[in-house]
There are 2 protein chains.
Amino acid sequence: MASRSTTGKRAHRGAAKRAPLLPPKAGSRRFIDDYLLYLLSRASAMASGEFHAQLRARKIPLPRWRVLAVLDGTDGLTVGELAAACLFKQPTMTKALDRLEVEGYVARESAKGDRRRVRVVATDKGRALVAGLIAEAKAHEARVLKNHSATEKKHLKNALRRLIARET
Amino acid sequence: MASRSTTGKRAHRGAAKRAPLLPPKAGSRRFIDDYLLYLLSRASAMASGEFHAQLRARKIPLPRWRVLAVLDGTDGLTVGELAAACLFKQPTMTKALDRLEVEGYVARESAKGDRRRVRVVATDKGRALVAGLIAEAKAHEARVLKNHSATEKKHLKNALRRLIARET
DNA sequence: CGATAATATATGAAAAGGAATATATTTAAG
DNA sequence: CTTAAATATATTCCTTTTCATATATTATCG
């Protein structure tokens, strides 16, 4: 393992960086450059990374945004439904909800009819916060898709929806 | 916080689950259902999740696959380049490489010309492993895109490449 | 050249995430 | 009704990731 030793000097300060993504070599034959899962991951990481930076600037942790965004337009979801929609594992969601509940962004109600389930709803404070964030998110999306025609946008989103809806 | 108490009974056994993704309600007006970043994340998580399950079945940790896949077709990359390409933070990559080096999948060479940089190359063992995995990945991608025409595939990949290449 | 800034990688403490499992409740079998 | 299986959420423990910073080397500027 490479190691370093004695006297040190400089340091970074801002939020930790993901090194700038390198463009593929000219006449590239790299596997990843034509691998769908890689293109999806990278496009997603790149676009989301930008918005996450905006959230960080406003001191909004990811789970707060994700949970409230997913709850928007619903009349409450169970822990499991939230986890699925937020792409979290269930234990991760339970812990995120503990924080969000203490902070007053969501409330847990025992779902009527089945006392195993917990219905999670956004509080007024949560709804107020997410309204502004959704506006920001839409503005950001518009910038991301600035150079795409309406048709292209529609095709892209439909293609993604087909991937999501696909049978395993 | 909701809590439970006394005697317990059942348990799960397989790998931890992401609860099944719920389809959008019928005449949905949910924000996320038309939000590009969400569609990207979910399509990516869904497709990658399937392949990751194959990797888990073969006891291959994610970073081993990612690093070797990214190194494929290159003559070695620096730690920072690898981190960027693998969508990892740099310290995460350093630690992943520590493991991969010990296990014999990659080797660190001090890059000539600039002794700060470390050039990482796949070993024979690494290349042998990744060859099979890439074949699996291609087969999986074919299944994912089974119901898409050649034109649709091309358009989708090109759209993703445009997102990746986009100026911030 | 010598000092200071910049860049690349590594390290350590702390937080987050995940697999396995415990607990609570409901459903199904008999 | 009673018991066993299934389902939903919570909790524990352990690994991995991340943030902040240290270390090593190179570039720049006077």
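In this text the structure is predicted, and so the values were computed from the model without any measurement. Residue numbers begin at 1 in each chain, while the letters A, B, ... track the order of the sequences.
Put simply, the side chain of B:K95 and the base of C:dT9 share no donor and acceptor less than 3.5 Å apart. In the interface, the side chain of B:Q90 is paired with the base of C:dA10 through a donor and an acceptor atom under 3.5 Å apart. Residue side chain A:R116 reaches the base of D:dT7 through a donor-acceptor N/O pair under 3.5 Å, judged by distance alone.
Under 4.0 angstrom from either OP1 or OP2 of D:dT16 there lies no side-chain N or O belonging to B:R64. Considering only side-chain N and O atoms, A:R115 lies nowhere under 4.0 angstrom from the phosphate OP1 or OP2 of C:dT27. For D:dC19, one of the phosphate oxygens OP1 or OP2 lies less than 4.0 angstrom from a side-chain nitrogen or oxygen of B:K89. Listed pair A:T92 / C:dA16 fails the phosphate criterion, with no side-chain N or O lying under 4.0 Å from OP1 or OP2.
Of all nucleotides listed (D:dT9, C:dA8, D:dT17), C:dA8 comes nearest to the side chain of B:R117. For B:V79, the side-chain atoms get nearest to C:dA10 when compared with the rest of C:dA10, D:dT16, D:dC19.
The side chain to side chain donor-acceptor pair (under 3.5 Å) search around A:T94 returns A:Q90, not counting sequence neighbours.
At whole-Å resolution of the value, CZ in B:R99 and C1' in D:dT17 are 9 Å apart. In this structure, the CD atom of A:E109 is 17 Å from the C1' atom of D:dA8, given to the nearest Å.
The aromatic rings of B:H140 and B:F51 sit tilted, their planes meeting at an angle between 30° and 60°.
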